[in-house]
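A quick write-up on the structure given underneath.
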Amino acid sequence: MLGAGAPVPYGDIPGKFVAPNLTPDPETGAGNWTDDQIARAIREGIGHDGRALFPTMPYADFRHFSDEDLASIVSTCASLAPVHREQRKNTFFPARYLIRSRPSRWSTR
Ligand code: HEM
């Protein structure tokens, strides 16, 4: 089940958050996502489908990853054994609207 997603155990905020299936399963995982889509989620907080991710995904910290570290992480995801596992969608109203302005473009400056 490595990389196949799990509930994020936060007791102090409302809502329940589930980390996605990042294994290369094409139907329920990241098998059809491009490297750039995964990289953008990690460093900029935009999901493969263009959605602003909940900040439970610590992309604000991950934006400090170097290009090389990021590439290593993306290729590690691609090397995982595919796991067919549908994950619950994170839809916490109204936070999904409030977080829309949170992601920002990554730059070297
Ligand atoms: C290097 C480690 C990590 C990688 C490679 C990673 C990768 C990703 C990616 C690619 C997405 C976007 C999925 C999509 O496009 O639909 C995502 C979302 C998410 N991640 Fe991470 N993540 C990491 C660490 C974490 C950690 C430490 C947590 C929580 C403690 C976390 C929680 C989440 C959650 C809850 C989402 C879904 C957010 C939403 O649906 O809005 N992730 N992660």
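Hydrogens, waters and symmetry mates are skipped; everything else that's a heavy atom, side chains included, is used. As the structure lists them, so they are numbered: ligands from 1, and atoms in each ligand from 1. Quantities reported herein were computed from a predicted structural model and do not represent experimental measurements.
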For ligand 1, which atoms, with element, lie under 4.0 Å from some heavy atom of [X]?
| X | answer |
| --- | --- |
| Arg51 | 16 (O), 39 (C), 40 (O), 41 (O) |
| Phe62 | 2 (C), 3 (C), 23 (C), 24 (C) |
| Ala41 | 9 (C), 10 (C), 11 (C), 12 (C) |
| Gly47 | 15 (O) |

Is there a side-chain contact between Ser104 and Arg63, using heavy atoms and a 4.5 Å cut-off?
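Yes, side chains in contact.
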
Under 4.0 Å, heavy atoms only, figure out whether ligand 1 is touched by the backbone of Thr56, its side chain, both or neither.
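Within the 4.0 Å criterion, Thr56 contacts ligand 1 through backbone and side-chain atoms alike.
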
Counting backbone and side chain alike, does Tyr59 bring an N/O/S atom below 2.8 Å of atom 21 (Fe) of ligand 1?
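So Tyr59 does not count as coordinating atom 21 (Fe) of ligand 1.
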
Enter the distance from [X]:[atom1] to [Y]:[atom2] here, rounded to the nearest 0.5 Å.
| X | Y | atom1 | atom2 | value |
| --- | --- | --- | --- | --- |
| Asn21 | Glu27 | CG | CD | 11.0 Å |
| Met1 | Thr23 | CE | OG1 | 8.5 Å |
| Arg100 | Arg102 | CZ | CZ | 15.5 Å |
| Trp106 | Leu70 | CH2 | CG | 8.5 Å |

Which is closest to atom 16 (O) of ligand 1 by heavy-atom distance: His48, Met57, Gln87?
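Residue with the shortest heavy-atom distance to the ligand atom: His48.
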
May I ask which of Gly50, Ala30, Pro58 has a heavy atom nearer to atom 27 (C) of ligand 1 than the others do?
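Result: the heavy atom closest to atom 27 (C) of ligand 1 is in Pro58.
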
Going by atom types only, do Ser72 and Asp69 share a side-chain donor-acceptor pair under 3.5 Å?
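Judged by distance alone, the side chains do not pair up.
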
Work out whether the distance between some heavy atom of Val18 and some atom of ligand 1 is less than 4.0 Å.
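Distance cut 4.0 Å: Val18 passes for ligand 1.
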
Answer yes or no for Gln37: is there a heavy-atom contact with ligand 1 below 4.0 Å?
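It does not, in that no heavy atom of Gln37 comes within the 4.0 Å cut-off of ligand 1.
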
Evaluate Trp33 for polar contact with ligand 1, using N/O atom pairs at a separation under 3.5 Å.
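No; every N/O pair is 3.5 Å or more apart.
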
Before signing off on this row, confirm whether Pro20 and ligand 1 have an N or O atom pair separated by under 3.5 Å.
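No, Pro20 has no N/O under 3.5 Å of an N/O on ligand 1.
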
For Asp67 and Arg43, what are the C-alpha separation, side-chain angles and deciding distance, and is it a salt bridge (Lys or Arg N to Asp or Glu O under 4.0 Å)?
CA-CA 10 Å; Asp67 289 348; Arg43 220 160 46 178; 3.0 Å; yes

Establish, yes or no, whether a centroid distance under 6.0 Å links the rings of Phe65 and Phe62.
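For Phe65 and Phe62, the ring centres are under 6.0 Å apart.
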
